[in-house]
Novice: 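Have a look at this one.
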Amino acid sequence: MVLSDRTIKEELAAGRLIIDPLDPEDIQPASVDMHIDRRFRVFKVSSRPYIDVREPMDDLTDEVIIEDDRPFFIHPGEFVLASTLEVVTLPDDILAQVEGKSSLGRIGLLIHATAGFVDPGWHGRLTLELSNVAKMPIALHYRMKIGQLSFMRMSTPVDRPYGSPGLRSKYQHQMEPTASRAHKEFEKG
């Protein structure tokens, strides 16, 4: 069941769902608007002949930090990582779904390739997978609305929330756009 604005407010007031910072105006009928932070990870030309998911990938991107009044331009066909300004904490019985803003989708900005699902127990800023499928660059500004989170209640609390020992959760507590950690799937132990 998707949570309504009333239930979202109740969960926030009870401290079970945490979104920080949060402007009450960002609570929509069935979602909460999210804003973009100032940090981006931009893919660079590499001497690697291909991306091997078994290898660490931190060297494939450079960090770019924008000033308050300077836009970040995402060019046609470009793929970059960004993060939400908000730090989100979910209880063990609520999951979140990341969705784009219709206004941005109508100009060709996609905010996630596949990572639209946020597990119960999550804590941190969300890494966004931005793609420009338009024919012109798009200017992104620090703190602009970039997407929205909808929330769903689980049938029961989960046995092992995200970040639990044994789950090998790779992104718990991230506070900036985080490069792929797919290589950790191949590590022993």
Side-chain angles (χ1 to χ4, degrees), residues 34-67 70-90 92 95-101 104-105 107-142 144 146-150 152 158-189:
M34 305 301 283
H35 302 81
I36 198 164
D37 197 14
R38 66 176 75 245
R39 294 173 183 243
F40 297 83
R41 294 214 66 84
V42 178
F43 284 81
K44 60 186 177 181
V45 176
S46 172
S47 60
R48 291 186 187 197
Y50 56 88
I51 298 172
D52 186 338
V53 297
R54 296 173 299 170
E55 301 294 325
M57 298 174 218
D58 294 333
D59 66 326
L60 293 178
T61 60
D62 285 325
E63 183 179 59
V64 174
I65 302 173
I66 60 170
E67 300 299 322
R70 306 276 314 216
F72 174 85
F73 292 95
I74 182 168
H75 297 277
E78 192 172 20
F79 178 81
V80 302
L81 301 176
S83 64
T84 59
L85 176 66
E86 295 82 4
V87 175
V88 177
T89 303
L90 299 177
D92 64 359
L95 64 90
Q97 186 75 35
V98 178
E99 296 296 340
K101 297 291 291 175
L104 298 176
I107 59 171
L109 183 67
L110 309 179
I111 71 160
H112 71 83
T114 62
F117 190 82
V118 187
D119 279 315
W122 167 264
H123 172 79
R125 287 191 169 107
L126 302 172
T127 293
L128 304 172
E129 307 152 340
L130 304 179
S131 296
N132 179 353
V133 297
K135 295 186 182 214
M136 297 174 65
I138 300 171
L140 303 177
H141 301 272
Y142 173 57
M144 71 179 265
I146 192 69
Q148 53 198 3
L149 284 181
S150 60
M152 288 151 269
V158 298
D159 289 333
R160 297 188 310 161
Y162 191 83
S164 294
L167 281 184
R168 299 179 66 177
S169 304
K170 298 181 286 293
Y171 304 105
Q172 185 74 312
H173 304 297
Q174 71 184 7
M175 291 295 155
E176 58 189 32
T178 305
S180 175
R181 294 180 177 159
H183 66 281
K184 292 189 176 280
E185 296 291 327
F186 296 91
E187 293 176 358
K188 301 275 189 234

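Note that the coordinates shown come from a computational prediction; the quantities given were computed from them, not determined experimentally.
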Novice: Met57 vs Ile51, test: side-chain contact (heavy atoms from CB on, under 4.5 Å). Steps then yes/no.
Specialist: CA-CA 8 Å; Met57 298 174 218; Ile51 298 172; 3.8 Å; yes
Novice: Assess whether atom NZ of Lys44 is packed by more than 12 heavy atoms of other residues, nucleotides or ligands within 6.0 Å.
Specialist: yes
Novice: For Asp92, is there an ion pair with Arg160 - N to carboxylate O distance below 4.0 angstrom?
Specialist: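 A salt bridge is absent here (no side-chain N lies under 4.0 Å from a carboxylate O).
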Novice: Distance from Tyr171 atom OH to Tyr162 atom OH, nearest 0.5 Å?
Specialist: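 If I round to the nearest 0.5 Å, the distance is 7.0 Å.
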Novice: For Arg70, does the CZ atom sit with more than 12 other heavy atoms under 6.0 Å from it, leaving out its own atoms?
Specialist: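 No - once you tally the heavy atoms of other residues, nucleotides and ligands closer than 6.0 Å, there are 12 at most.
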Novice: Under a 3.5 Å distance rule, please check whether Gln97 uses its side chain to pair with a backbone N or O of Leu149 as donor and acceptor.
Specialist: no
Novice: Decide yes or no on side-chain hydrogen bond (donor to acceptor under 3.5 Å, both in side chains) for Thr127 and Gln174, but give the supporting numbers first.
Specialist: CA-CA 8 Å; Thr127 293; Gln174 71 184 7; 3.0 Å; yes
Novice: What distance separates Asn132 CG from Phe73 CZ, expressed to the nearest 0.5 Å?
Specialist: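 Here the rounded value is 12.0 Å.
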Novice: Hey, mind stepping through Lys184 and Arg54 against side-chain contact (heavy atoms from CB on, under 4.5 Å) and telling me if it holds?
Specialist: CA-CA 7 Å; Lys184 292 189 176 280; Arg54 296 173 299 170; over 6 Å; no
Novice: Are Asp62 and Phe43 packed together at the side-chain level, in the sense that at least one heavy-atom pair is separated by less than 4.5 angstrom?
Specialist: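 The answer is no, as the side chains (C-beta and beyond) never meet within the 4.5 Å cut-off.
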Novice: Can you name the nearest heavy-atom pair linking Thr178 to Leu81, along with the distance?
Specialist: O-CD1, 3.6 Å
Novice: Measure the spacing between NE2 of His123 and OG1 of Thr89 and express it to the nearest 0.5 Å.
Specialist: 4.5 Å
Novice: Using a distance-only test with no angle check, is there a side-chain donor-acceptor pair under 3.5 angstrom linking Arg41 and Thr61?
Specialist: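 Result is yes, a qualifying pair exists.
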Novice: Rounded to the nearest 0.5 Å, what separates atom CD1 in Ile111 from atom CG in Leu140?
Specialist: 11.0 Å
Novice: Got a sec: does the CE of Met136 have more than 12 other heavy atoms crowding it under 6.0 Å?
Specialist: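 Open: at most 12 neighbouring heavy atoms sit under 6.0 Å from CE of Met136.
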Novice: When you measure from the side chain of Glu99 to the backbone of Gly116, do you find a donor-acceptor pair of N or O atoms at a distance under 3.5 Å?
Specialist: no
Novice: Do you know the tightest heavy-atom contact between Leu90 and Asp119?
Specialist: CD1-O, 3.4 Å
Novice: Side-chain contact, heavy-atom cut-off 4.5 Å: Ser164 with Ser169?
Specialist: no
Novice: With side-chain contact (heavy atoms from CB on, under 4.5 Å) as the criterion, how do Phe40 and Ile65 come out once you've worked through the C-alpha distance, each side chain's angles and the decisive distance to 0.1 Å?
Specialist: CA-CA 6 Å; Phe40 297 83; Ile65 302 173; over 6 Å; no
Novice: Shortest non-hydrogen contact from Pro76 to Ala134?
Specialist: CB-O, 3.3 Å
Novice: Which heavy atom in Tyr142 sits nearest to a heavy atom in Ile66, and how many Å separate them?
Specialist: N-CD1, 3.7 Å
Novice: From Met175 CE over to Arg39 CZ, what is the distance, rounded to the nearest 0.5 angstrom?
Specialist: 12.0 Å
Novice: Does Val98 reach the side chain of Leu126, with side-chain heavy atoms less than 4.5 Å apart?
Specialist: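 Yes - at least one pair of side-chain heavy atoms lies under 4.5 Å apart.
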Novice: Please step through side-chain contact (heavy atoms from CB on, under 4.5 Å) for the pair Met34 and Gln148, ending with a clear verdict.
Specialist: CA-CA 5 Å; Met34 305 301 283; Gln148 53 198 3; 5.6 Å; no
Novice: If I take atom CG from residue Leu130 and atom CG from residue Leu109, how far apart are they, to the nearest 0.5 angstrom?
Specialist: 5.5 Å
Novice: Have Glu86 and His35 got a donor and an acceptor in their side chains that come within less than 3.5 Å?
Specialist: yes
Novice: Among Ile74, Val64, Leu60, which residue satisfies the side chain to side chain contact (heavy atoms under 4.5 Å, CB included) criterion with Val42?
Specialist: Val64
